[in-house]
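Just so we're clear, the structure is a prediction, and the values are computed from it rather than from any experiment. Residue numbers begin at 1 in each chain, while the letters A, B, ... track the order of the sequences.
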Number of protein chains: 2
Amino acid sequence: MHLFASRGLDATTLQSVADVVGISKQAILHHFRSKEDLHEAVLSELVNHWQRTLPQLLLTAGATKNRFDAVIAELMAFFTADADRARLVIRELLDRPAQTRELLSRTVRPWLSSIAGYIRIGQERGVHRADLDADAYLIQVLLLAMIGTATCEVTGVLLGDETEGRQRFSKEFARIAHTALFTPRHLKPANSRPSNKESHES
Amino acid sequence: MHLFASRGLDATTLQSVADVVGISKQAILHHFRSKEDLHEAVLSELVNHWQRTLPQLLLTAGATKNRFDAVIAELMAFFTADADRARLVIRELLDRPAQTRELLSRTVRPWLSSIAGYIRIGQERGVHRADLDADAYLIQVLLLAMIGTATCEVTGVLLGDETEGRQRFSKEFARIAHTALFTPRHLKPANSRPSNKESHES
DNA sequence: GCTCACACTTACCAATTGGTAAGTAAAGCC
DNA sequence: GGCTTTACTTACCAATTGGTAAGTGTGAGC
């Protein structure tokens, strides 16, 4: 996974994988029919991890007071825990758009749809901004989390130290996502009546 | 550029380039010493284009009433005009982090710094949100614009038609960037006195 | 002790890779 | 018309690629 994520599918040779693992190239081909087989195995392992983690993520976040910020924090944590996850997904997005689209439709779309519904409820209650496009918003939050963690090695230095950069990035990411989602508190009506009167700001 | 962007450096063979261009592989090696040479040429062409376009972009945007939205729109236009630009940059970010960091430091950082200064002035005037991290914000806006256009082929379908998806994406992108930057109008003091009293919303 | 499945290695292979060397045809300059 | 430069082609090459075929050793089950 590390090699596929950091170098890409074509640049990763079976030999290089074998060297890292400490076995011969043919030992790999004994366990996996082909390089493509290995690649799919790595990919599905990532997807499985995602599928296992996400529900737990939403549950633990749901227990908290401000659910949303917790989800954002957990989302970032998932990718920052291993930047290769984000890198791998982005590479798939670039290298095999058609297959990845199909994969995401199966694995991620249901979650997005469900959260989007949650956001729309918030919109009707005036908690979430009325002019927000829930689906597009969620996709961008997800993409931003991924590209951010995938490239933190590069962008980190533009924000001082790399660890400091990561922190500033995470914080600003949470702020952007939060601000773009919620209506300012004083605009929210005391009772939870729908309110679309917040016109385009500034 | 198209091949490098869509397939990556290693997956792009000199032969495939030659086939597309309609000449022999050796004809390419006649004009470029090596594959790496060709790659650098493609890359520097993109950088030059960026350097040529950006000042003009900021100028035309500056003439407009709401300067910021115009810049955002132009930024998206730059990448949507040719999605390969975004793809190529992202690939460089992943494939060669060290060199790309150095490249971006030279070519993009000055612009970011200058715009960040502009944002900070806005913060002092209370126009821009006080809790915003100008540098981190700008980087994320840039990254989001790139990853969005680079993957529109994939994400587009999640938002209906691909062209419709692109539109919704662009619109939501502009909204997010706008909302995360500006303070709500009614919070902005009538005279342009510094005001940091806007606490964390919600 | 025999068998057999399994994990792995050695030996090998055709295809493709980026790259070199040498030749060639045409266009411009004198 | 000769001469040189430019743009390219043909012929070739060593290295590496993913992958196959045929062994080898070892531990478990009987």
Side-chain angles (χ1 to χ4, degrees), chain A residues 1-49 82 84-85 87-103 150, chain B residues 1-49 82 84-85 87-103 150:
Chain A
M1 175 163 164
H2 175 65
L3 287 175
F4 281 143
S6 59
R7 297 203 239 260
L9 176 63
D10 290 274
T12 303
T13 68
L14 287 179
Q15 192 59 58
S16 66
V17 177
D19 290 345
V20 169
V21 180
I23 55 178
S24 70
K25 183 184 74 172
Q26 283 72 9
I28 295 179
L29 286 170
H30 172 69
H31 293 281
F32 302 91
R33 281 190 190 175
S34 66
K35 188 188 183 183
E36 185 51 36
D37 220 53
L38 173 62
H39 180 229
E40 276 176 23
V42 167
L43 214 63
S44 81
E45 221 258 69
L46 175 62
V47 169
N48 287 345
H49 191 143
D82 187 355
D84 286 331
R85 289 174 192 160
R87 294 197 186 108
L88 195 62
V89 174
I90 292 176
R91 279 199 192 276
E92 288 302 308
L93 244 30
L94 294 176
D95 288 343
R96 317 189 312 172
Q99 293 102 311
T100 309
R101 176 173 55 206
E102 202 265 338
L103 180 72
Chain B
M1 173 163 166
H2 175 65
L3 287 175
F4 281 142
S6 59
R7 294 196 235 246
L9 176 63
D10 290 273
T12 303
T13 66
L14 286 178
Q15 191 59 58
S16 66
V17 176
D19 290 345
V20 170
V21 180
I23 57 178
S24 69
K25 183 185 74 171
Q26 283 71 11
I28 295 178
L29 286 170
H30 171 70
H31 293 282
F32 303 91
R33 282 190 188 175
S34 66
K35 189 189 183 183
E36 185 51 39
D37 220 54
L38 174 63
H39 181 227
E40 275 175 25
V42 167
L43 214 64
S44 82
E45 222 257 69
L46 175 62
V47 169
N48 287 345
H49 191 144
D82 186 355
D84 286 333
R85 289 173 192 161
R87 294 197 186 107
L88 196 62
V89 175
I90 291 176
R91 279 197 192 277
E92 289 302 308
L93 244 29
L94 293 177
D95 288 343
R96 316 189 314 171
Q99 294 101 312
T100 309
R101 177 173 54 206
E102 202 266 338
L103 180 70

**Request:** Starting from the C-alpha separation in whole Å, work towards a yes-or-no answer on side chain to side chain contact (heavy atoms under 4.5 Å, CB included) for A:V20 and A:H2.
**Result:** CA-CA 10 Å; A:V20 169; A:H2 175 65; over 6 Å; no
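- Checked against salt bridge (charged side-chain N to carboxylate O under 4.0 Å, His left out), B:R91 has the following partners two or more places apart in sequence or in another chain: A:D95.
- Here A:S16 lies out of heavy-atom contact (under 4.0 Å) with every strand.
- A:R85 places none of its side-chain heavy atoms less than 4.5 Å from the side chain of A:V89.
- Contact footprint of chain B on DNA chain D: nucleotides with an atom under 4.0 Å from a non-hydrogen protein atom, first to last in 5' to 3' order, D:dA7 to D:dA11.
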**Item:** side chain to side chain contact (heavy atoms under 4.5 Å, CB included) assessment of B:T13 paired with B:K35
**Value:** CA-CA 8 Å; B:T13 66; B:K35 189 189 183 183; 5.7 Å; no
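- Checking side-chain atoms of A:T100 against main-chain N and O of A:R96 turns up a donor-acceptor pair under 3.5 Å.
- A 4.5 Å side-chain heavy-atom check between B:F4 and B:L38 finds at least one atom pair inside the cut-off.
- With hydrogens and angles ignored, the 3.5 Å screen pairs no side-chain donor or acceptor of B:S16 with any backbone N or O of B:T12.
- Counting only heavy atoms from C-beta outward, the side chains of A:H39 and A:E92 approach each other to under 4.5 Å.
- Proximity of residues 23-36 of chain B to DNA chain D (heavy atom under 4.0 angstrom from any strand atom) is restricted to B:S24, B:Q26, B:A27, B:H30, B:H31.
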